[in-house]
Amino acid sequence: MYIVSLGGPKWWQQASRSVSISASLSRVESPPARADATFKVTMLPGDGVGPELMTAVKDVFKAGDVPVEFDEFHLSEVQNMASEDKLEELLSSMKNNKVAIKGKIHTPMEFKGELASYEMRLRRKLDLFANVVHVNSLPGYSTRHNNLDLVIIREQTEGEYSSLEHESVPGVIECLKIITRAKSRRIAKFAFDYATKKGRNKVTAVHKANIMKLGDGLFLQCCAEVAQLYPKIKYENIIIDNCCMQLVQNPYQFDVLVMPNLYGNIIDNLAAGLVGGAGVVPGESYSAEYAVFETGARHPFAQAVGRNIANPTAMLLSAANMLRHLNLEYHSHMVSDAVKRVIKQGKVRTGDLGGYATSDEFTQAVIANLAV
């Protein structure tokens, strides 16, 4: 059973069963603004502008009377705030709450005896195998390609990010890329189930099997095998370098893309640039038990720390997706609609979107639009 925010926390279906699209999922409900219970959510602000963005989320939630209580933890490798004890406390909170919202934990490039960063260790310990980034154009903000609507699904527990490196002889480093049948089939099935549940028409597997014939070849084979179980979903595959070019030239040809770890990291950032950059695209990661909501393009934006210029849009939209996952549909629409309304009005925009507003001014504009 897998978790995806789809009008209800749990949705994983057996491959042999068809998944019907309930009309109620697409219908905006209007329940009372007050919920019967308060949901506890783990919060991990991370590095860079993460704490500032989380402040924006907390301010908006408070103004909107959102029934969520945050269990906040600070874990940072660059601020000497990372340790096994802190990681275990965070994991304990996640195991209790099942849902988290997090900023980017910056990973230093210097090797200090441990190859796996805390970010990667957190994903592995929670088995957050599926990263989902919905790249959607913002109404009222024009880019080269408008009305974009595509989904990037990335396997993020193996591949090039396996932390298996060693110096075989002086001056020669071996870096191992791990691809397994079990995890390749799992992410492929996740992608096809997602496409089915969301009413999507096509899944495209992204690979480099022409060069990595065994590793990416296995991933591609697994995607093709799973595709046969979903005859109503069109299946294609594309080489990663061509995919990058096609995204820039004609992104409308894509619907759902599924790919191994490194390719997903690259494509997430490329696609975010098509609709406004890292500050506007939300993301989420799933395991069988847990859901973690974060920005789609993971950047600490360290150079903006303390300058009050970071765009809260991506984090606020991620928070809205989290509310939908918690079945707080009313509050989810309230927050996301307010954010999109502010951007569409065009009067209050941060510098990355061509405006002059500060982070605080944007947040206050969102709050002012909550009740509209």
Side-chain angles (χ1 to χ4, degrees), residues 38-62 66 68-128 131 156 161 163 278-279 282-287 289-323 325-326 358-360 363:
T38 298
F39 294 86
K40 290 203 71 174
V41 170
T42 302
M43 174 179 279
L44 182 60
D47 292 309
V49 296
E52 298 171 41
L53 299 179
M54 291 304 180
T55 298
V57 170
K58 289 186 282 189
D59 289 347
V60 170
F61 275 28
K62 182 178 180 180
V66 177
V68 167
E69 178 183 337
F70 291 113
D71 196 6
E72 192 167 338
F73 293 86
H74 294 273
L75 188 68
S76 171
E77 294 186 63
V78 295
Q79 300 178 49
N80 294 319
M81 295 169 63
S83 66
E84 289 300 321
D85 290 341
K86 286 182 178 292
L87 181 60
E88 288 304 318
E89 289 175 5
L90 173 62
L91 291 171
S92 177
S93 174
M94 272 297 304
K95 289 172 182 176
N96 288 329
N97 298 333
K98 307 296 184 185
V99 178
I101 185 168
K102 67 178 284 293
K104 168 66 177 173
I105 304 174
H106 182 60
T107 303
M109 284 186 281
E110 298 82 9
F111 174 57
K112 298 181 179 179
E114 176 62 59
L115 290 170
S117 67
Y118 277 85
E119 179 93 48
M120 291 163 60
R121 290 163 69 187
L122 181 63
R123 289 181 210 160
R124 290 177 190 167
K125 286 181 177 291
L126 296 176
D127 194 28
L128 295 168
N131 177 243
Q156 59 176 9
Y161 292 22
S163 304
E284 53 234 43
S285 295
Y286 297 102
S287 73
E289 295 183 72
Y290 309 108
V292 176
F293 296 83
E294 55 199 333
T295 56
R298 299 162 179 160
H299 294 283
F301 200 15
Q303 64 269 33
V305 173
R307 297 170 59 192
N308 199 21
I309 62 173
N311 189 344
T313 298
M315 194 63 79
L316 288 173
L317 292 178
S318 296
N321 290 341
M322 179 190 74
L323 295 177
H325 175 79
L326 293 171
T358 64
S359 306
D360 289 343
T363 302

Nearest non-hydrogen partners of Leu326 and Val41, listed with the distance: CD1-CG2, 4.0 Å
CE-CZ distance between Met43 and Phe73, expressed to the nearest 0.5 angstrom: 12.0 Å
Sole candidate of Lys102, Arg123, Glu294 that passes side chain to side chain donor-acceptor pair (under 3.5 Å) when paired with Ser285: Glu294
By ring pair (Phe, Tyr, Trp, His ring centres under 6.0 Å) - contacts of Phe61 (at least two apart): Phe70
Which atom of Met315 lies closest to which atom of Thr295, heavy atoms considered: CE-CG2, 3.8 Å
Side chain proximity check, Glu284 to Ser318, heavy atoms < 4.5 angstrom: no
Heavy-atom side-chain proximity of Tyr290 to Leu128 below 4.5 angstrom: yes
Test salt bridge (charged side-chain N to carboxylate O under 4.0 Å, His left out) applied to Glu52 - qualifying residues, sequence neighbours left out: none
Lys58, NZ: over 12 other non-hydrogen atoms inside 6.0 angstrom: yes
Heavy-atom closest pair, residues Met54 and Pro45: CG-CA, 3.7 Å
Check: Leu90 and Leu122 side chains under 4.5 Å, non-hydrogen atoms: yes
Approximate separation, where rounding is to 0.5 Å, of Met94 CE and Lys125 NZ: 13.5 Å
Reported CG-to-OG distance for the pair Asp71 and Ser92, which is rounded to 0.5 angstrom: 9.0 Å
Minimum side-chain heavy-atom gap Lys104-Asp47 below 4.5 Å: no
Any side-chain heavy-atom pair of His325 and Phe293 under 4.5 Å: yes
Inter-residue atom distance Ser287.OG - Lys98.NZ, 0.5 Å rounding: 8.5 Å
Residue from Ile101, Asn96, Asn97 passing side chain to side chain contact (heavy atoms under 4.5 Å, CB included) with Thr42: Asn97
Close side-chain approach of Val60 and Leu316, heavy atoms under 4.5 Å: yes
Shortest non-hydrogen separation from Pro312 to Ser359 and the atoms involved: CG-O, 4.0 Å
Distance, nearest 0.5 Å, that separates OG of Ser93 from CD of Glu88: 12.5 Å
Check: Thr55 and Asp59 side chains under 4.5 Å, non-hydrogen atoms: yes
Closest approach of Ala314 to Pro282 (non-hydrogen atoms, all atoms of both residues): O-CB, 3.8 Å
Trace of the side chain to side chain donor-acceptor pair (under 3.5 Å) decision for Asn311 with Thr313: CA-CA 6 Å; Asn311 189 344; Thr313 298; 2.6 Å; yes
Results of salt bridge (charged side-chain N to carboxylate O under 4.0 Å, His left out) for Glu89 - residues two or more places apart only: none
